[in-house]
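Since this is a predicted model, take the numbers as computed values, not measurements. All heavy atoms count here, side chains included; hydrogens, waters and symmetry mates do not. By convention in this document, chain letters (A, B, ...) are assigned in the order of the sequence lines, proteins followed by strands, and residues within each chain are numbered from 1.
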Amino acid sequence: MKTGKELKPGTVLRIDNDPWLVQKTEFTKSGRNSAIMKTKLKNLLTGYKTETVYGADDKLDDVILDRKEATLSFISGDSFTFMDTTDYTMYELNAEDIEAVLPYIEEGMEDVCEAVFFEGRLVSVELPTTISRQVVYTENAARGDTSGKVMKPAKLKNGTEISVADFIQIDEWIDIDTRDNSFKGRSKK
Amino acid sequence: MKARWDIFCCVVDNYGDIGVTWRLARQLVAEQGLAVRLWVDDLKAFVRICPEAQADVAQQWQQGVDVRQWPSDWQDTSVADVVIGAFACQLPPAYVQAMLEQPRAPLWLNLDYLSAEDWVEGCHGLPSPQANGLRKVFFFPGFTAKTGGLLREASLLPRRQAFEQDPAARKAFLQGLGVTPERNARLISLFAYENPGVASWLDALAADCRANHLLVPEGRVLGDVQAWLGEQALSVGSIARRGALTVQILPFVSQDDYDRLLWCCDFNAVRGEDSFVRAQWAARPLLWHIYVQEEYAHWEKLEAFLDLYIQGLSAPAGAALVQLWRAWNMDNDMGQAWQQVLAHWDELDQHARRWSAVQAAQPDLATALVQFYRNWL
């Protein structure tokens, strides 16, 4: 069982005996310390997609999935090919299947991802909790702040914008927490 | 045959849960002709807003609503056509099981909290398929056409207008509460949670060149008022004067009388959800004390409402209102902010009327719920 607040992209729920892949989640505090999770679901048998809302404490049946390590091999338009790092099998996913991690998918990325399989079929990919990405554009630091408290927008190679500390400069590598898309600090690489 | 609706109300704290569900239940009976059972786990809270009710009976009829004590030891009961769980309350497992065993499962609605945030429109009316096969639907009240709207009885605004045009009725109502304000005094109601900001606001009211008469229904803010007055124990009927300010403690009144109180006042300080909505229907400038949430989540809700509410105000008037609300909710000094509000009083007063009218042009929450049920059928 999973609760509503534990849902994340890649989770597969069993609803009315059908497997539904969670493609996207949005956690929101609704009122008086209760919360909801808005989800985008895809029926893995029919391909039908729908949006749902769950209470943070709603109990849901999740399907135990197979997971394997995989790396991005190449991108072709809206198609993303990942390779199993142990047997080199290639798997293809489209952009919608990886909507939640798409902002951080870019050519040449070296992250070892978790490929999620349902009945032998790749249904989703999860990124490591921390990833490193290179900043391709950001404004210069306004006042030379080094505290890390003052934030500014920065653009990554694939166009994704993220809020980074004011001291970060163009071409620097930064660490990002993929659970909440937050800037963690300057990368050590 | 009348459609049967069950509303489940778990009283977590204060009077918002019971206030909203009782108001909704009454409206569904009176205006939609529905058979409504209101299940309440704490009837003492119910008695506070419906003084005719009894706190120690399993079942009672109040204004056409079948009010039931929600027992901890749930007994089998018939399942309604529409089941509303208010504010994410968990229904009795046996009742959920009974829903599952119906030939056709009832419409199960989660009536959620009121918020002006953008995400509400995207979540309103979305399904929530449960592990047991039942389908719940999330229903969100709100301020825009893409939400469930606000609770508003069909007769509310005409009643308010009639009351406003009848000075004798206003005078009689206030006298019934023991209130005889000085001529030309600004009448203000204060219903809030504990708030250290009270002191600076009362300082400003006391130093005003115009008389202010503050009416404080019994409640959580009383301790702060008491501390500012330096009084030992304020009780219903207590009247204290400091400079231009008269402070009077009122009893906790019924919902209908609270509406009248709001209509009598020039300015209303309200809190939570139910009184907040009623103050908007009162069409007077208002001050909202929002329910504090973990990680300051309430600030976003406050700002979201302000963003919506100040549309149509001049920049200085909007800024004055925003400053006052922020000061009240962030424990900042109220004195300066209050002066700014006074400087834009007429505009804020007209804006409150306009806001009320704009909101009233949208379907009310009870009607929206019934329409949703009809569409579901």
Side-chain angles (χ1 to χ4, degrees), chain A residues 1-7 11-46 48-65 99-100 149 163 177 179-182, chain B residues 10-14 16-17 20 85-91 93 96 105 108-142 193 272-273 276 290-301 304:
Chain A
M1 293 290 261
K2 276 212 175 342
T3 60
K5 64 173 171 281
E6 291 170 336
L7 297 180
T11 303
V12 174
L13 299 173
R14 193 170 291 285
I15 301 167
D16 292 340
N17 286 323
D18 276 4
W20 290 81
L21 172 69
V22 177
Q23 291 188 307
K24 196 176 175 190
T25 56
E26 283 173 47
F27 182 79
T28 308
K29 296 205 166 179
S30 53
R32 204 171 49 191
N33 302 324
S34 91
I36 58 162
M37 186 73 90
K38 183 181 181 186
T39 66
K40 191 184 263 188
L41 301 181
K42 178 185 175 186
N43 187 313
L44 291 175
L45 300 180
T46 65
Y48 177 76
K49 289 172 189 159
T50 188
E51 285 187 322
T52 63
V53 177
Y54 288 106
D57 298 324
D58 282 350
K59 291 184 177 64
L60 303 153
D61 273 341
D62 62 322
V63 177
I64 305 299
L65 301 159
E99 188 180 342
K149 288 177 184 165
S163 191
D177 188 327
R179 290 170 299 186
D180 57 6
N181 303 319
S182 62
Chain B
C10 173
V11 178
V12 178
D13 54 12
N14 307 313
D17 312 279
V20 169
F87 307 118
C89 76
Q90 298 293 318
L91 304 191
V96 173
W108 181 9
L109 297 164
N110 177 67
L111 179 61
D112 223 287
Y113 295 91
L114 174 64
S115 173
E117 291 163 291
D118 291 343
W119 60 263
V120 170
E121 290 187 348
C123 291
H124 172 60
L126 285 186
S128 183
Q130 301 291 298
N132 59 12
L134 287 171
R135 273 172 193 277
K136 192 158 67 172
V137 175
F138 274 73
F139 207 91
F140 286 88
Y193 305 113
E273 183 166 325
F276 174 49
I290 192 168
Y291 189 97
V292 173
Q293 287 184 255
E294 289 167 0
E295 296 169 351
Y296 304 104
H298 56 290
W299 284 4
E300 284 180 33
K301 297 174 193 303

Taking every non-hydrogen pair under 4.5 Å, which of G133(B), S128(B), G272(B), A131(B) racks up the most with chain A?
S128(B)
So, the part of L41(A) with a heavy atom under 4.5 Å from chain B: the answer is neither
Specify which of G31(A), G55(A), G4(A), A56(A) makes the most heavy-atom pairs with chain B at under 4.5 Å.
G31(A)
Taking all non-hydrogen atoms of both residues into account, name the closest pair between K136(B) and D58(A) and its distance.
NZ-OD1, 3.2 Å
Donor-acceptor check, side chain of Y54(A) to backbone of P129(B), threshold 3.5 angstrom: yes or no?
yes
Between D13(B) and chain A, with a heavy-atom cut-off of 4.5 Å, which part of the residue counts as in contact: side chain, backbone, both or neither?
both
Side chain of T52(A), backbone of P127(B): donor and acceptor closer than 3.5 Å?
no
Do any N or O atoms from the side chain of K301(B) and from the backbone of S30(A) form a donor-acceptor pair under 3.5 angstrom?
yes
Partner chain A: residue of E300(B), H298(B), E294(B) with the largest heavy-atom pair count (under 4.5 Å):
E294(B)
dist L126(B):CG -> T50(A):OG1 (nearest 0.5 Å) comes out at 7.5 Å
Pick one of side chain, backbone, both or neither for K59(A), based on which atoms fall under 4.5 Å of a heavy atom in chain B.
backbone
Nearest-0.5 Å distance that lies between atom CD in E51(A) and atom SG in C123(B):
8.0 Å
Could you tell me which of S115(B), G122(B), G16(B), A88(B) has the largest number of non-hydrogen atom pairs under 4.5 Å with chain A?
G122(B)
L60(A) portion near chain B, given a 4.5 angstrom heavy-atom threshold
both
Contact origin within D16(A) toward chain B - heavy atom pairs under 4.5 Å:
side chain
Any chance you could lay out the side chain to side chain contact (heavy atoms under 4.5 Å, CB included) test for Y113(B) and S34(A), step after step, and finish with the verdict?
CA-CA 9 Å; Y113(B) 295 91; S34(A) 91; 3.3 Å; yes
side-chain hydrogen bond (donor to acceptor under 3.5 Å, both in side chains) against Q293(B), all qualifying residues, sequence neighbours excluded:
none
Applying side chain to side chain contact (heavy atoms under 4.5 Å, CB included), run through K29(A) and E295(B) and close with a yes or a no.
CA-CA 10 Å; K29(A) 296 205 166 179; E295(B) 296 169 351; 3.0 Å; yes
Please identify, among T39(A), D61(A), V53(A), D57(A), the residue contributing the most non-hydrogen atom pairs under 4.5 Å to chain B.
V53(A)
If you count every heavy atom of other residues, nucleotides or ligands that lies below 6.0 Å from D177(A) atom CG, does the total exceed 12?
yes
